[in-house]
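Remember, it's 1-based here, ligands and their atoms both numbered in the order they're listed.
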Amino acid sequence: MSLWLNGIGVSRGIAIGRVQRLHGGDLEIPEYLLPPEQVEAEVLRFRDAQQRAKTQLQQVRAQIPLGAPGEIAAFIDTHLLMLDDRSLTDAVVGLIRAQRFNAEAAVKRQRDTLVAVFEQMEDAYLRLRKDDVQHVSARVLRILLNQEKAAPPSRGDKSEAASEPIVIVADDVTPADIILLGQQGIAAFVTEYGGPLSHTAILARSLGLTAIVGLHNARRLLRDGEWVIVDGDLGHVLADPDDGARSFFSRKRARQLSDRAALGSLRDQPAISRDGIKIRLLANIELSDDAAHAAELGAEGVGLYRTEFLYMNRRSLPTEDEQYQAYARVVASVKGPITIRTLDLGADKQVDSGARSGPTPSNPALGLRAIRLCLKEPELFRTQARALLRASAHGNLHIMLPMISNTQEFRQAQALIDSARLELAAEGRAMAAHVPVGAMIEVPAAALSVSLLARHAEFFSIGTNDLIQYTLAIDRVDDEVNYLYDPLHPAVLRLIHMTIEGGERAGRGVAMCGEMAGDPRYTRLLLALGLTDFSMHPASILEIKRIIIESDVGRLRARAQAMLDASDSLELQQLLSEFEPHS
Ligand code: PEP
Ligand code: MG
């Protein structure tokens, strides 16, 4: 009998295949106390497992296909760094020596301690670092327990089913395993845990692998060898589909595949609508190496470079020179403009690197985040501003300030940037004659006062991920209220429209760099609202370009008011369906 299961679709596409469950994460961990004379041998056993885990990861890293997104190597590097991180490894050795725990028990205890610390963190990205701790610990534990074959899967290529597509069903999948899974040509994967912002989800999107996360009990509900249909667009898994469902989804899949193949031809084509409106498609990047990949996929520049990654996985802050090198490398590798966002860390995010210490605030999403933190810690900001200004000598660099909520904040930040410029000039450093400074619109207050901000900011970029969370008063990292996270809420649309119109009236460019900009479900709507600069994950660029090329922007804009007047997202979707090419 067919069975529908629902999770969170994080990487689009339809896959049809047979289930192969992985049990790698559910390790039985023995716990016992060692006799004193065995303690040092146990330390050696742990060190040996740590070394073997590193060798495994280095081998995986060496297998990364050419042209794969830079994120992949970076994720593996993070795990390699973690295997050398003293908070993990020295603490394990300490537990073996001081408590006489066996190595597995010591790894498990230290893993649980670190996971508990990460779980306290408010910031979604940092909170997900607990996944890294779990993945790295699981790798070491599998080695200690001699269960290295548990994951990733072997297709057993001599079996009858070898040529049949496989859908991996696991509790969680590590980024390193995703590379192997990708090379084995799996059809899709479904995990019980993880959210749309997890590394696993980001990698699946980068690699174009159909994926669903957060499908609780998937391994209990699905059986090895049974056929399933995975719909990554909707987050659905259909187990044991009947013939009707199979042929419906096969047709849908065939349509998607031919659509995707056709997209390659759009790479060098400009993003111009049917009625001649030029739209700019830019990339969101996290690491300096991503810029080249983005250009290959047709990005005309970088609309958002998130600099937080430079500050992570380390105990000290990056120096001005280190930041300068990183920014200069990206700026030089991008042909078009590149917008670099200044540090967007929350109050509790960077204790390790010493940016700020102190008690965790009770409501960090509303606390000392992003520009607020930078203004509170001007030396932190000054170092970054100097590095950015120096990098401006190498290309078309723009500086963007996150989480601006009033003009005062913008002016203070601008004053710090201006004084950094004076210092650098006095030192005789090269810089661009002018570096535009703009504001992210992520707080409803900023959207509502965009005309006032436009007196100071030279450009705007709408960060819908945060704008939606603050407009609808829902924590974007809280599963319990995730159902309220609605990009089509009329209040969100009005703020977006207000920002675009206000920017235009003031002669300021308005881009969008939140996830909404790279989501094909919203492209026509955003065109109707007057958006002309879209910045997104590089993998989405060609698909968004296709929609733009097929759209009549004038006709869409003529319906903008009706869209803004739609009382809920259902009514709006109906309106938008008028513009679907097949309708
Ligand atoms: C946003 O809030 O939409 C955004 C792009 O910033 P981040 O996702 O990094 O908070
Ligand atoms: Mg944001």
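At a 4.0 Å heavy-atom cut-off, ligand 1 touches Met440 through the side chain alone.
One option in Gln469, Arg306, Glu442 has a heavy atom closer to atom 5 (C) of ligand 1 than any other, and that option is Arg306.
Below 4.0 Å from some heavy atom of Leu304 lie the following atoms of ligand 1, by number and element: 5 (C).
Residue, atom and distance of the protein heavy atom nearest to atom 6 (O) of ligand 1 are Arg341 NH1, 2.9 Å.
Taking 2.8 Å as the criterion, Asp466 counts as a coordinating residue of the Mg ion (ligand 2), since one of its N, O or S atoms falls below it.
The shortest N or O to N or O distance between Glu308 and ligand 1 is not below 3.5 Å.
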Run the side-chain donor-acceptor check on residues 437-454: report pairs under 3.5 Å with partners two or more places apart or on a different chain.
unit_1	atom_1	unit_2	atom_2	d
Glu442	OE2	Met403	N	2.8
Ser449	OG	Ala445	O	2.6

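Two residues are said to be in side-chain contact when any heavy atoms from C-beta on lie closer than 4.5 Å; Phe381 and Leu401 meet this criterion.
Salt bridge status for Asp418 with Arg411: absent, with no side-chain N to carboxylate O gap under 4.0 Å.
Judged by the 6.0 Å and 45° rule, Arg390 forms a cation-pi pair with Tyr324.
If you look at Glu442 and ask which of its N, O or S atoms sits nearest the Mg ion (ligand 2), the answer is OE1.
In this structure, Arg280 contributes its side chain and Ala299 its backbone to no donor-acceptor pair below 3.5 Å.
Around NZ of Lys278, the count of heavy atoms belonging to other residues, nucleotides or ligands within 6.0 Å exceeds 12.
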